[in-house]
Amino acid sequence: MSSYLGLWHYHACILLMMVGLFAVISRQHLVKKILGLTITQVSVIMFFVAMGKVRGGTAPILETMNHDAVARQAQDVVFSNPIPHVLMLTAIVVGVATNALALSFVVRIKESYGTAEEDEVLAADHAASVAESAKEHSLESEAT
Amino acid sequence: MFGLLSTWSDWATSLSTLSEHFPVLVVVVPMLSAPLCFLSRNGRAARGISFFALLSCLLMVIHLLGRVLDEGVVSYRLGGWPPPLGIEYRYDQINAFVALIVAFVATVVVPFGQNKKAFRVPAGRTNVIYAVYLLCTSGLLGMCVTGDLFNVYVFLEISSLSAYTLVAIGAERRAMMSAFSYLTMGTIGGLFFLIGIGMLYQMTGTLNIVDLSMRLYDVSSVRTLSVAFATLFVGVSIKLAVFPLHQWLPNAYTYAPPKVSAFLAATATKVAFYVMLRIIFTIFGRERSFEQMNLDRILLPLSIAAMFMGSIAAIYQTNIKRLLAFSSIAQIGYMTLGISLDSLTGLVGGIVHLFNHALMKGGLFLAVACILFRLGSVKIDDMRGIGRRMPWTMGAVVVLGLGLVGVPGTVGFVSKWYLVLGALERELYVVAFLTLVSSLLAVVYVWRLVEVAWFSDPKPGIRMAEVREAPLTMVVPVWALAAATIYFGIFTEHSAGVARLAAAQLFGGTP
């Protein structure tokens, strides 16, 4: 039991991720879907940050360039693992780019459909294709 | 005279020093040409820049593939940092082969003529398309050649983000909604991939693929490892459009501009397939994937379902691009079938099919671009009688379509031959039988195109007499790909030979 409680930060990440995925799946408004995606992204970022954290660890910065001093410092100071944190800088940039692109799609969709609700957009597409096939049908019957 | 000779030798030495850096230039050249295209403010100049950038890329990849086949693995240290600390670009048989396919298709698609109406981009700003296109190619090449797992993720996102943009510039307004759902699915796939990377890093403390595979030998905790395997697998499956995760693909390929569909169908899914091979065979290893994780029990039914569902859905389509998109899902099923057979012959079939499908689908989508250029429509119903007006284009469609069916003498036959042999080797007679039956379904949808093109009268309301053959700049690339499908169908030693080397290497050296 205690081992499960000790991993609470991972459970928080999982919870956050499920919240995000639920929003992506269940919301109809496209901006809300993007918010859901962002929450999912943040949960993964939190997962990596939690992974790199060492209890009592500090930022991994060497105070001097002296070899003996470095060795002494390495003995008594605990460092956090910087690599997952650095990786997440890249992932954050990717997330920003994804959000910007998705939002620009939503702007264009809103411009041409007049709505940003997914079901209304799909209904408009369906209506358009029905109208088109009806037009073709009438053309064909005229020709025959 | 003497001075000329010395400058020549200077040239030769500088080229040989430069060739040391080919492994990284393959990715850097298209990436740096993208901003040049953006700044050129002129569609024609951008087209020239991207053509020469990709051509030089193609030549470098050919050089590197030759070096790999002669000398073995080519490893390049970024910034001189030795792996596993630094990032390593690593060329071996399989990824040099996939990079060659990507560079080849990317180069062929650029000079291909285009219909201005196919893009929703303001006139005079078509250079932006080429900038995004180069970024996408650079991302796909980077995914192939990098030896660092996190780097794979970064390049995956570079290529995906530019692919969403390329889909969104399609002429119809539906293109944007399909790009949006592609983005949603693709981002979730990328995030699953990232979680898997995180778990592997937790277990081993390294991100270098070779180092990972060695350190994973000693890892005995199966639970984290199975979760990591599952998340990586699901992430890549979304990008690859493995059967139940394929929902984004038909719309994205249908509403994207036809050139883009040709490029994405021939490269993006292929690179995703390569990443899947890396995960299954290099990182986790054949034994762990198949004997501990029982991958074949999941992948085999899914592949067969994809083969049937894709082909059956293709039969009922009224839009030729949608037909080809569903056929792609079926063909991806054949590729994953090659993995799931867990036999060397089957894997050769999967890898050869990667190459063959890139040729066939690339050619078919380019032929669709020709039809759209002259006819202005991609509905199968509007294409009645087009065979007599555009004999070269439709002839190429038939040749490439026969390849999809797997008629002897085309590349499709080679891959299906290996797949069926692989199934028989594992004594999976039902699977071999189902592979053949699903090929018959391909006959149905290819025949539908033939019948419409040659054996029907033009539809009333379509002025078929005004339709002419597409210009030479469009027909020649299509026929180059069609001729390649026949060439590699008869002389199999190049494609299947390299695929056998690659498969043997992935499988652990024991042929």
Side-chain angles (χ1 to χ4, degrees), chain A residues 13-14 17 20-21 24-25 30 33-34 36-38 40-45 47-52 81 83-84 86-88 90-91 93-95 97-102 104-113 116 118 121-122 124-125 128-129 132-133 135-136 139-144, chain B residues 85 120 132 148-151 153-158 160-165 167-169 172-188 190-199 201-203 205-207 224 231 251 255 318-319 377 379 381-382 458-462:
Chain A
C13 292
I14 294 170
M17 185 175 188
L21 285 178
V24 175
I25 295 164
L30 297 180
K33 275 184 189 288
I34 296 174
L37 268 186
T38 314
T40 319
Q41 270 164 357
V42 168
S43 77
V44 177
I45 290 170
F47 169 67
F48 270 79
V49 170
M51 183 202 305
N81 186 351
I83 294 180
V86 172
L87 297 182
M88 282 311 102
T90 319
V93 174
V94 168
T98 314
N99 277 345
L101 191 63
S104 71
F105 287 165
V106 175
V107 170
R108 297 283 293 269
I109 289 170
K110 172 86 180 170
E111 271 171 11
S112 53
Y113 287 88
E118 191 183 23
V121 170
L122 295 180
D125 279 344
S129 65
E132 198 182 336
S133 64
K135 204 176 91 191
E136 274 186 17
L139 267 180
E140 257 178 49
S141 54
E142 264 171 41
T144 50
Chain B
L85 279 183
R120 186 197 279 254
V132 179
D148 182 282
L149 202 55
F150 190 75
N151 225 257
Y153 168 74
V154 174
F155 280 122
L156 177 95
E157 287 295 347
I158 291 176
S160 306
L161 285 170
S162 32
Y164 310 145
T165 319
V167 170
I169 57 175
E172 286 177 67
R173 63 176 186 175
R174 284 180 206 192
M176 280 172 310
M177 198 58 216
S178 38
F180 187 86
S181 42
Y182 184 12
L183 182 142
T184 320
M185 291 287 282
T187 308
I188 292 174
L191 287 174
F192 270 101
F193 192 70
L194 190 56
I195 295 173
I197 294 173
M199 286 178 183
Y201 180 76
Q202 248 179 337
M203 305 292 293
T206 180
L207 290 166
T224 317
T231 49
N251 275 335
Y255 298 115
T318 55
N319 177 325
S377 165
K379 287 212 196 86
D381 210 29
D382 294 347
K459 188 180 165 191
I462 301 276

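Here is the naming used below: chain letters follow the sequence lines, and residue numbers restart at 1 for every chain.
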Nearest-0.5 Å distance, OH of residue B:Tyr255 to CG of residue A:Asp125: 6.5 Å
Closest approach of B:Ile195 to A:Phe47 (non-hydrogen atoms, all atoms of both residues): O-CE2, 4.0 Å
Part of A:Thr98 lying under 4.5 Å from any heavy atom of chain B: both
For A:Ala128 against B:Arg174, the heavy-atom pair lying closest together: CB-NH2, 4.2 Å
Interface moiety of B:Thr318 toward chain A, non-hydrogen atoms closer than 4.5 Å: neither
Segment of B:Tyr182 engaging chain A (4.5 angstrom heavy-atom cut-off): neither
CG-CZ distance between B:Leu194 and A:Phe48, expressed to the nearest 0.5 angstrom: 4.0 Å
Heavy-atom side-chain contact between B:Phe180 and A:Glu118 under 4.5 Å: no
Per-residue contact mode, B:Ile158 against chain A (heavy atom under 4.5 angstrom): neither
Rounded distance [0.5 Å steps], CG in B:Leu183 versus CD1 in A:Ile34: 7.5 Å
A:Leu21, part contacting chain B, at a heavy-atom distance under 4.5 Å: side chain
Which of A:Leu30, A:Val121, A:Thr40, A:Asn81 touches chain B most, by non-hydrogen pairs under 4.5 Å: A:Leu30
Rounded distance [0.5 Å steps], CE in B:Met185 versus CG in A:Leu37: 11.5 Å
Nearest-0.5 Å distance that lies between atom CD1 in B:Ile188 and atom CE in A:Met17: 8.0 Å
Approximate separation, where rounding is to 0.5 Å, of A:Tyr113 OH and B:Met176 CE: 6.5 Å
Side-chain heavy atoms of A:Leu87 within contact of B:Leu207, under 4.5 Å: yes
Contact check, side chains of B:Tyr153 and A:Thr90, non-hydrogen atoms, under 4.5 Å: no
Closest non-hydrogen atom pair between B:Gly198 and A:Met51, with its separation: O-CE, 3.4 Å
